[in-house]
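Have a look at the structure below, then the notes.
The figures that follow rest on heavy atoms only: side chains count, while hydrogens, waters and symmetry mates do not. When a ligand or atom number is given, it counts from 1 through the structure's own listing order.
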Amino acid sequence: MPPSKRIPQVKGDFLLGNLGQMSANPFHALCDWQRDHGGLVSFRLASRQFYLFGHPRLFEQTLIKQSDVFVKIHNSGKPTGLALVLGQGLVTSQGDLWQRQRRLMQPVFQRSNITMLLPQIANAGSSMLNRWRKLGEGAEVNLSEEMMQLTLEGITQTMFSTSVLDKIEQISPSLDTLLRYAAKTVVNPLTLPLYVPTLANLKFKKALGTIDDVIYGIINQRRTASSAHNDLLDMLLKVSDDNSGEKMTDRQIRDEVITIFGAGHETTANLLSWTLYLLARHPDVLDKLRQELDGLLQGKIPDAEDLQQLVYTRAVLNESMRFRPPAGILLRKVSKDTEIDGYFLKGVELRYSAFLIFIIILTFGLSRSSSTLNGF
Ligand code: HEM
């Protein structure tokens with residue numbers, strides 16, 4: 001075997017490595033390191049060694065070609081990061097459990113089921129627009145908060161056939177507390193375990209209790225309800241294993257509900273916020289988008305068939321995700337020694353940033369004019 005290439009290492013503190021830079025501003029730190037060192041760079045957060053991947057070739061190798069070697073970081077016996085919040089839902093489970101849950105839940109995400117949920121999504125949009133109209137001409141809104149509220153309403157309507165807007169003041173800050181804490185446990189290995197009663201740990205537990213109360217409350221109501229609802233929760237309660245006929249327990253349903261809840265609303269809100277921001281900066285693209293929407297829909301709410309025909313709108317959303325990936329970071333760990341692109345990797349944690357991929361694609365992609373939306 002030829003000698004492996006040397007992986008560049010970010011300079012840092014003797015004891016804490018790069019923890020100071022990372023805690024000060026994780027996103028800037030990752031972007032700076034990728035810009036200064038290229039597609040693969042290594043850094044250390046106290047005792048943990050990380051590799052930062054920022055090239056599509058490395059993504060393909062790890063997420064597709066060697067997905068059995070580069071596995072999710074979550075360990076059900078000792079949850080950290082998102083698993084503290086999501087439990088063992090699809091995003092954080094792996095191996096047999098993930099396969100079983102994925103098989104069970106596949107029918108839930110069939111196109112026909114999603115199509116059935118479109119009216120609820122459209123209703124969430126309409127009520128937001130009605131609210132905005134009442135604010136009057138020239139009123140200002142915080143778009144990022146509005147998009148978060150919109151997608152929260154969309155996901156709860158499709159999940160539970162109910163609005164949570166009356167509980168939004170409890171739910172939004174609790175979710176924010178949970179996700180921030182989860183991110184901190186990954187970035188900072190010095191975070192004390194949850195059983196230590198620090199202020200941050202107590203705040204996390206309180207927020208988790210709030211969210212669990214809401215979700216278990218809805219599951220309990222539904223288990224005893226006499227009439228059917230056409231929503232994601234009903235679908236999850238109905239699915240059963242083809243072989244054993246087994247259904248999901250309340251705990252599994254809770255984990256999948258909170259996973260879909262978390263995975264579905266913040267990502268979509270980020271996509272919408274960034275798209276609106278980019279459109280405001282590119283009025284020519286906004287004009288073209290309006291032309292397509294006005295021409296096809298003429299003021300009516302789109303149905304599933306219309307969505308298929310909104311080619312330019314889809315391109316705008318795809319391009320927005322390429323520029324500003326709504327889920328910017330994926331984590332994997334190396335389960336066994338391996339070689340990738342001439343580099344030797346030993347069992348350490350890997351950190352991917354789609355943001356960094358974005359920088360590389362931008363450099364090459366636009367110069368080849370391959371963008372669907374020239375100049376967007
Ligand atoms: C713009 C919107 C979205 C983006 C950018 C996005 C991005 C992602 C990414 C990158 C992953 C892979 C995570 C990993 O492997 O570590 C993922 C997984 C997942 N997402 Fe999304 N997502 C979006 C919307 C949604 C919505 C609306 C839902 C549900 C209603 C959803 C549910 C899920 C689930 C259940 C998984 C886990 C799949 C599995 O491992 O089997 N996502 N998403």
Side-chain angles (χ1 to χ4, degrees), residues 53 56 59-60 62-64 66-68 70-75 80-83 85-111 113-118 120-121 124-125 144 147-148 150-160 179 182-183 186 231-233 235-236 239 248 252-276 278 307 313-333 349-358:
F53 280 22
F59 266 57
E60 189 194 18
T62 47
L63 293 175
I64 299 171
Q66 292 196 57
S67 59
D68 55 329
F70 297 93
V71 296
K72 291 180 187 169
I73 61 163
H74 310 287
N75 165 354
T80 53
L82 271 182
V85 184
L86 308 182
Q88 296 215 66
L90 277 183
V91 168
T92 40
S93 58
Q94 52 188 320
D96 291 346
L97 178 64
W98 175 80
Q99 249 170 13
R100 173 179 176 269
Q101 288 299 103
R102 183 73 202 221
R103 206 179 50 240
L104 270 179
M105 288 170 64
Q106 201 66 25
V108 172
F109 293 105
Q110 273 166 7
R111 183 180 283 268
N113 277 336
I114 301 300
T115 303
M116 213 167 66
L117 301 173
L118 280 181
Q120 283 104 305
I121 299 173
S144 152
M147 293 304 109
M148 207 63 98
L150 168 69
T151 55
L152 196 57
E153 181 66 0
I155 200 81
T156 45
Q157 289 281 6
T158 48
M159 192 104 216
F160 309 124
L179 295 176
V186 176
D231 60 17
L232 284 170
L233 180 58
M235 295 178 205
L236 289 177
V239 288
M248 286 195 243
Q252 278 163 342
I253 301 237
R254 176 264 178 220
D255 287 356
E256 297 302 356
V257 162
I258 199 165
T259 293
I260 295 177
F261 207 76
H265 97 275
E266 203 187 348
T267 44
T268 316
N270 288 346
L271 164 65
L272 293 174
S273 304
W274 277 118
T275 306
L276 292 171
L278 289 165
L307 290 183
T313 308
R314 189 181 293 267
V316 168
L317 292 169
N318 282 339
E319 192 70 336
S320 164
M321 280 193 278
R322 191 172 73 88
F323 270 95
R324 297 283 187 268
I329 288 174
L330 297 183
L331 285 167
R332 290 292 187 271
K333 68 181 169 204
E349 277 175 289
L350 283 179
R351 177 174 292 258
Y352 299 89
S353 171
F355 270 104
L356 304 168
I357 263 214
F358 145 71

Quick one: look up the protein heavy atom nearest [atom] and list residue, atom name and how far away it is.
atom	answer
atom 30 (C) of ligand 1	Ile260 CG2, 3.5 Å
atom 38 (C) of ligand 1	Arg102 NH1, 3.6 Å
atom 37 (C) of ligand 1	Val91 CG2, 3.5 Å
atom 28 (C) of ligand 1	Gly264 CA, 3.6 Å
atom 13 (C) of ligand 1	Leu330 CD2, 3.7 Å
atom 33 (C) of ligand 1	Ala263 CB, 3.7 Å
atom 23 (C) of ligand 1	Thr267 OG1, 3.5 Å
atom 35 (C) of ligand 1	Leu90 CD1, 4.0 Å

Test your reading of the model: is there a side-chain donor-acceptor pair from Thr156 to the backbone of Leu152, 3.5 Å cut-off?
yes

Provide the number and element of each atom of ligand 1 under 4.0 Å from a heavy atom of [X].
X	answer
Ile155	30 (C)
Lys72	40 (O)
Leu271	1 (C)

Atom CG of Asp68 with >12 non-hydrogen neighbours under 6.0 angstrom
yes

contact_flag [X] ligand 1 heavy-atom lt 4.0 Å:
X	answer
Gln101	no
Arg332	yes
Leu331	no

Protein heavy atoms: any of them under 4.0 Å from [atom]?
atom	result
atom 17 (C) of ligand 1	no
atom 11 (C) of ligand 1	no
atom 43 (N) of ligand 1	no

Less than 4.5 Å apart, any side-chain heavy atom of Arg332 and any of Thr62?
no

Record the part of His265 in heavy-atom contact with ligand 1 below 4.0 Å; permitted values are side chain, backbone, both and neither.
neither

Between Gln157 and Glu153, do the side chains contain an N or O donor and an N or O acceptor separated by less than 3.5 Å?
yes

Distance alone, cut at 3.5 Å: any donor-acceptor contact between the side chains of Gln99 and Arg103?
no

